[in-house]
S.K.: 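Could you have a look at this structure, given as structure tokens, before my questions?
For clarity, every value in this text was computed on a predicted model and none was experimentally measured. These numbers come from the heavy atoms of this one structure, side chains and all, not from hydrogens, waters or symmetry mates.
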There are 2 protein chains.
Amino acid sequence: MTRMGRSKGRMSARPHRRRLPSTAALQVLLAIAERGSTSAAAESIALSQSAVSKQLLGLEELIGSPAFVRTPHGMVATEVGRIYIEHARTALKAMEDAALLAARLKPGPRVLRLQVPPIFGDRWLLPRFMSFSDEHPDIEVQFTTFISPQQSEMPDGIFQFCITPMADSESFYLFGNDVLLVSAPSYFERYGMPRTLDDLSGGVMLEHPQTPFHWQHFAAHHHRAELAMRHTTRFGYYTMVIRAALAGQGMALIPRELITDELASGRFINPGGFTYPSAYGYWFVTPPNARQSGSMNAFKAWLNGQMR
Amino acid sequence: MTRMGRSKGRMSARPHRRRLPSTAALQVLLAIAERGSTSAAAESIALSQSAVSKQLLGLEELIGSPAFVRTPHGMVATEVGRIYIEHARTALKAMEDAALLAARLKPGPRVLRLQVPPIFGDRWLLPRFMSFSDEHPDIEVQFTTFISPQQSEMPDGIFQFCITPMADSESFYLFGNDVLLVSAPSYFERYGMPRTLDDLSGGVMLEHPQTPFHWQHFAAHHHRAELAMRHTTRFGYYTMVIRAALAGQGMALIPRELITDELASGRFINPGGFTYPSAYGYWFVTPPNARQSGSMNAFKAWLNGQMR
DNA sequence: CCTCGCTAGTCGAAATTGTCATAGGGGGCA
DNA sequence: TGCCCCCTATGACAATTTCGACTAGCGAGG
């Protein structure tokens, strides 16, 4: 906020405080980018949909141009939006890093910093996390979704999506190999209930390039590597693949454990029972040479308990 | 701000919005770090002293420990404070970079991004800048104080403090070579009016390691390179050197043009007329291969006018 | 003892942010 | 075509945060 006392007026040249987005606005920006709508973003960041909308509109006014194009299928980042999204990540990561470094200076039970892919956090970890907090109210856990090839601050534990973690780290498998081909009932009502892979290949596939649950893996597993999908839509975030599949825009390959609620409620169906065992899965990894702490031991014990 | 509706309570595990410092708090943090007090910081960021104090206290509460130790000579960053200061720079720089990149996408007169050392900005450029804004209300100028060896975004122009800019850049000299040895009247009342370099060397020198206006340069110029100061106090910011000198804590070597007001008012005196011509000075530099724009031409013309 | 510069607190006002309720748009379906 | 669902954005209002004016109290310096 820029002010000159309380009077409105052109900014004096001398005292200078540049108008920059607020922290909350940056969080809103990232949440919308990753989840595709103000409603979905609201759910993940504990604000009402209208608060998210107002924050976004305020940010767009400050920026001087829209950050998203509003389409019937969701919010799509503009070029300016992409710039701000990227820099919002940098800014928010710096603040989280500062919090972690500062926490590590303090005595007492060690703060745990856990790196959590957004989809995993939203759909698996955070819904369960209350029970850890209840059991260990003295342990502070900080979550980050930010990943950089050259980590500025190594987290204490990483929920890593990979085939096998590096051999020198301590890790255990959570889930993810069991992958289903799903969509909304409405999709299959339009395209017909599939009985064979050829039936499937005539439809629409939804994919996230960096999350390797792709048709080609599925087809190869079923000895039909040469069979290609007629149409594939690709999204910038895996969260949006799932969201588009829920809207019936296509089929997606998704680990069973990420969509148990939707399977139970019928929002996702898996007609024909098509699945495949992915080489990829979610693992919990602690870095090499990480010193054991009481906090981490407690967390691992809890996590093991959750896997039963 | 973290909330759960309006009810106070422990954060739900599911919707998650991490409490991070506000943008304004980060700006306050940096301003205090660079200027040494809430009062001085307030002047540079267009807030009242009490608003700055409250922002700092709020940030310290959120962090959970003090960012500064309050000493009679000013605010001194704690270890936690230094962590946050560093990361505040990163975060604020990211936001400024986003603003610059976004502005560059827009049609119309090009936005100018100028890199300005804090001391230069506070004491020379910003007090004069109103006249440029008045003459060119259509040109948007963004200032940044952030310097990194590997610039993420190259500014359009740099107020550079150096001996000579790189030969491949276009540049012109502003001021800085004319350096005075000054302090507050109270200092000289305590230490005596100096008549020789030996008189001076018995006192206290205030220096900023990275700003090479040092006693050794001064002494070498006067053919007394072997003469050392009895006591030197070093500060993390050149702004704080000047501030400490104004408080009479020692003598400082300062370009005349940065302290014209203080010389006129008598807050700084230069008894004995001790000066030396520094090899260093402030230059205005445009990077190699920078394309000429109307905005830059207008700015350079204005700057030339200011030098007369 | 006085003065100066500082931080931090109180009070009241202003600004910002958030929620609730709702309008209106667009897509999908019967 | 009408209905339903999900969406964004707006208005009204309340809650919260932030700010400025003013001041108390501290410590250094003269």
Side-chain angles (χ1 to χ4, degrees), chain A residues 1-8 17 19 21-25 27-28 32 35-43 45-62 66-76 184-187 189-190 243-244 246-249 267, chain B residues 1-8 15 17 19 21-25 27-28 32 35-43 45-62 66-76 184-190 243-244 246-249 267:
Chain A
M1 72 250 342
T2 296
R3 288 202 196 82
M4 301 164 51
R6 289 292 190 206
S7 60
K8 301 292 190 184
R17 181 171 35 110
R19 287 188 74 214
S22 68
T23 302
Q27 289 173 311
V28 158
I32 295 174
R35 292 167 178 83
S37 75
T38 58
S39 308
E43 289 174 17
I45 57 176
L47 284 176
S48 67
Q49 179 273 323
S50 68
V52 171
S53 178
K54 286 181 208 282
Q55 283 277 7
L56 176 60
L57 290 170
L59 177 62
E60 288 175 324
E61 184 177 357
L62 185 147
F68 296 99
V69 173
R70 280 75 166 158
T71 79
H73 299 304
M75 301 286 235
V76 178
S186 62
Y187 172 85
E189 284 160 21
R190 262 199 321 281
R243 174 188 161 77
L246 283 167
Q249 290 173 27
R267 291 183 66 201
Chain B
M1 71 249 348
T2 296
R3 288 203 199 80
M4 301 162 53
R6 288 291 187 210
S7 60
K8 300 294 188 183
R17 181 173 32 112
R19 288 187 74 214
S22 67
T23 301
Q27 289 172 311
V28 158
I32 296 174
R35 293 165 178 86
S37 76
T38 59
S39 308
E43 288 175 17
I45 57 174
L47 283 177
S48 69
Q49 179 273 324
S50 66
V52 170
S53 178
K54 287 187 223 280
Q55 282 277 7
L56 175 61
L57 291 170
L59 177 62
E60 287 176 324
E61 184 178 359
L62 185 148
F68 296 99
V69 173
R70 280 72 165 160
T71 79
H73 299 305
M75 302 284 233
V76 177
S186 62
Y187 172 86
F188 294 112
E189 284 158 20
R190 263 197 322 281
R243 172 187 161 77
L246 285 167
Q249 292 173 28
R267 291 182 65 202

S.K.: Quickly work out the B:Glu60 CD to C:dG9 C1' distance and round it to whole Å.
M.R.: 15 Å
S.K.: Roughly how many Å is it from CZ in A:Arg35 to P in D:dC6, rounded to a whole number?
M.R.: 19 Å
S.K.: So A:Ala51, base contact, sugar-phosphate only, or nothing? Heavy-atom distance under 4.0 Å.
M.R.: base
S.K.: In whole Å, what is the span from the CD1 atom of A:Ile45 to the C1' atom of C:dT17?
M.R.: 13 Å
S.K.: Output the single nucleotide from D:dT8, C:dT7, D:dT10 whose closest atom is nearest the side chain of A:Ser50.
M.R.: D:dT10
S.K.: In whole Å, what is the span from the CG atom of B:Leu56 to the P atom of D:dC19?
M.R.: 13 Å
S.K.: Please list, chain by chain and in numerical order, all residues satisfying salt bridge (Lys or Arg N to Asp or Glu O under 4.0 Å) with B:Arg267, sequence neighbours excluded.
M.R.: none
S.K.: Kindly state each residue pair satisfying salt bridge (charged side-chain N to carboxylate O under 4.0 Å, His left out) with at least one member in residues 48-57 of chain B, sequence neighbours excluded.
M.R.: none
S.K.: Test of understanding: with salt bridge (Lys or Arg N to Asp or Glu O under 4.0 Å), list the residues that count as partners of A:Arg190, not counting sequence neighbours.
M.R.: none
S.K.: Would you compute the distance between atom CD of B:Glu43 and atom OG1 of B:Thr38 and round it to the nearest 0.5 angstrom?
M.R.: 10.5 Å
S.K.: To the nearest Å, how far apart are B:Glu61 CD and C:dG9 C1'?
M.R.: 14 Å
S.K.: Could you measure the distance from the CD atom of A:Gln55 to the CD1 atom of A:Ile45? Nearest 0.5 Å is fine.
M.R.: 8.0 Å
S.K.: For A:Arg243 and A:Leu57, find the nucleotide of DNA chain D closest to each by heavy atoms; which residue's nucleotide sits nearer the 5' end?
M.R.: A:Arg243
S.K.: Using atom CE of A:Met75 as one end and atom C1' of C:dG25 as the other, report the distance to the nearest whole Å.
M.R.: 14 Å
S.K.: Can you identify which nucleotide, out of C:dT19, D:dG20, C:dT17, has its nearest atom closest to the A:Ser22 side chain?
M.R.: C:dT17
S.K.: Rounded to the nearest angstrom, tell me the gap between atom CD in A:Gln55 and atom P in D:dT17.
M.R.: 14 Å
S.K.: Give the rounded distance in Å between these two atoms: CG of A:Leu47 and C1' of C:dT16.
M.R.: 13 Å
S.K.: Is there a side-chain polar atom (N or O) of A:Arg70 under 4.0 Å from OP1 or OP2 of D:dA9?
M.R.: yes
S.K.: For A:Ser50, enumerate each residue passing the side chain to side chain contact (heavy atoms under 4.5 Å, CB included) test, keeping only those at least two apart in sequence or located in another chain.
M.R.: A:Ser48
S.K.: What residues, two or more places apart in sequence or in another chain, satisfy ring pair (Phe, Tyr, Trp, His ring centres under 6.0 Å) together with A:Tyr187?
M.R.: A:Tyr191
S.K.: Ignoring hydrogens and geometry beyond distance, is the side chain of A:Lys54 in donor-acceptor contact with the base of D:dT8 at under 3.5 Å?
M.R.: no
S.K.: Would you mind building the protein contact string for nucleotides 23-30 of chain D? One character per nucleotide, 5' to 3', B for base within reach (heavy atoms under 4.0 Å), S for sugar-phosphate only, - for untouched.
M.R.: ----SS-S
